[in-house]
Amino acid sequence: MDVSVIDKQLLAHPGATKAFHEKWGWMVYWVGGRQFACEFTASPDAKPPYAGRHLLSLKCDPDRIHELVAEFPDGILPGYYSDGRTWISVDLDADVPEELVLDLCDMSYELVFAKLPKRAQREIIGTE
């Protein structure tokens, strides 16, 4: 999947920013000081099934994670280097529909934004 399409989708949300995390070699996406996505290639030395994969990690509804992993067992995995109960990692080279990946990007932003303090939410959307 084209990373520039994902980047555009993630940054289309109010207050969304990105920064390269040099120590990890990951592009990290933020809203209100909280991470809601990251794009990276897992080290070849990482544990299977993550090793060497080009991944997009996203916050996800826990009820949805089981469905997604069952439907796309080779393309959607429990979150790499994060809580697999609330994060997923999408293999960007696997056969996962682009529309689904973009919807998951939106869900991740919405889940993280909803947990921000109300004041921060109002500042981000410009109602304060």
Side-chain angles (χ1 to χ4, degrees):
M1 185 168 172
D2 185 350
V3 176
S4 68
V5 173
I6 293 169
D7 183 72
K8 184 177 177 181
Q9 184 80 10
L10 292 168
L11 292 175
H13 296 285
T17 61
K18 71 177 182 178
F20 185 71
H21 192 294
E22 287 195 36
K23 184 177 179 184
W24 299 345
W26 297 9
M27 184 60 70
V28 182
Y29 295 81
W30 305 87
V31 62
R34 296 192 185 164
Q35 179 180 324
F36 74 96
C38 53
E39 179 264 325
F40 60 97
T41 299
S43 164
D45 300 333
K47 292 180 184 176
Y50 305 100
R53 291 190 188 212
H54 185 195
L55 300 170
L56 175 68
S57 286
L58 301 164
K59 185 89 168 169
C60 190
D61 180 322
D63 295 331
R64 191 86 199 281
I65 291 174
H66 299 294
E67 297 168 14
L68 292 166
V69 171
E71 188 173 350
F72 301 97
D74 208 40
I76 300 181
L77 311 165
Y80 175 77
Y81 209 72
S82 57
D83 187 343
R85 296 170 299 172
T86 57
W87 284 80
I88 57 171
S89 290
V90 179
D91 183 337
L92 297 177
D93 297 324
D95 192 21
V96 179
E98 182 176 295
E99 184 177 333
L100 174 61
V101 175
L102 297 178
D103 287 346
L104 292 170
C105 289
D106 293 342
M107 178 195 300
S108 182
Y109 173 88
E110 290 162 9
L111 288 168
V112 173
F113 183 84
K115 293 289 186 181
L116 295 174
K118 297 297 179 203
R119 180 182 175 124
Q121 291 178 11
R122 289 191 301 270
E123 288 174 0
I124 289 168
I125 59 175
T127 59
E128 191 167 313

Using the rule that two of Ile, Leu, Val, Met, Phe, Trp, Tyr join whenever any of their side-chain heavy atoms come within less than 4.5 Å, decide whether [X] and [Y] are in one cluster.
X: W87; Y: L116; value: no
X: Y109; Y: L68; value: yes
X: V3; Y: L77; value: no
X: Y80; Y: V112; value: no

Could you give me the CA-CA distance, side-chain angles and deciding distance for K18 and D7, then say whether side-chain contact (heavy atoms from CB on, under 4.5 Å) is met?
CA-CA 9 Å; K18 71 177 182 178; D7 183 72; 2.9 Å; yes
If every non-hydrogen atom of [X] is compared with every non-hydrogen atom of [Y], which pair is closest and at what distance?
X: C105; Y: Q9; result: CB-CG, 4.2 Å
X: V90; Y: I76; result: CG2-CG1, 4.3 Å
X: P14; Y: V31; result: O-CG2, 3.8 Å
X: A37; Y: L58; result: CB-CD2, 3.6 Å
X: L100; Y: F72; result: CD2-CE1, 3.4 Å
X: C38; Y: Q35; result: SG-NE2, 3.5 Å

Approximate separation, where rounding is to 0.5 Å, of [X] [atom1] and [Y] [atom2]:
X: H66; Y: I88; atom1: NE2; atom2: CD1; answer: 12.0 Å
X: E110; Y: D61; atom1: CD; atom2: CG; answer: 11.5 Å
X: L10; Y: M27; atom1: CG; atom2: CE; answer: 11.0 Å
X: L104; Y: L111; atom1: CG; atom2: CG; answer: 10.0 Å
X: R64; Y: M107; atom1: CZ; atom2: CE; answer: 5.0 Å

Checking [X] side chain against [Y] main chain: does a donor-acceptor pair fall under 3.5 Å?
X: Q121; Y: F113; result: yes
X: S108; Y: C60; result: no
X: H13; Y: A16; result: no

Under 3.5 Å, which donor-acceptor pairs do the side chains of residues 40-57 form with other protein atoms, sequence neighbours left out?
unit_1 : atom_1 : unit_2 : atom_2 : d
S43    : OG     : D45    : N      : 3.0
Y50    : OH     : P78    : O      : 2.6
R53    : NE     : P49    : O      : 2.7
R53    : NH1    : D74    : O      : 2.8
R53    : NH1    : D91    : OD2    : 3.1
R53    : NH2    : D74    : OD1    : 3.4
H54    : NE2    : E39    : OE2    : 2.5
S57    : OG     : S89    : OG     : 2.6

Can you confirm whether [X] sits close enough to [Y] that some side-chain heavy atom of one is under 4.5 Å from a side-chain heavy atom of the other?
X: E123; Y: R119; answer: yes
X: L102; Y: M1; answer: yes
X: T17; Y: Y29; answer: no

Intermediate values then yes/no, side-chain contact (heavy atoms from CB on, under 4.5 Å), V5 and E98
CA-CA 9 Å; V5 173; E98 182 176 295; 3.9 Å; yes
Answer yes or no: does atom CG of D2 have more than 12 heavy-atom neighbours from other residues, nucleotides or ligands under 6.0 Å?
yes
Hey, can you tell me if Y81 and W26 have their rings parallel, tilted or perpendicular (30° and 60° cut-offs)?
perpendicular
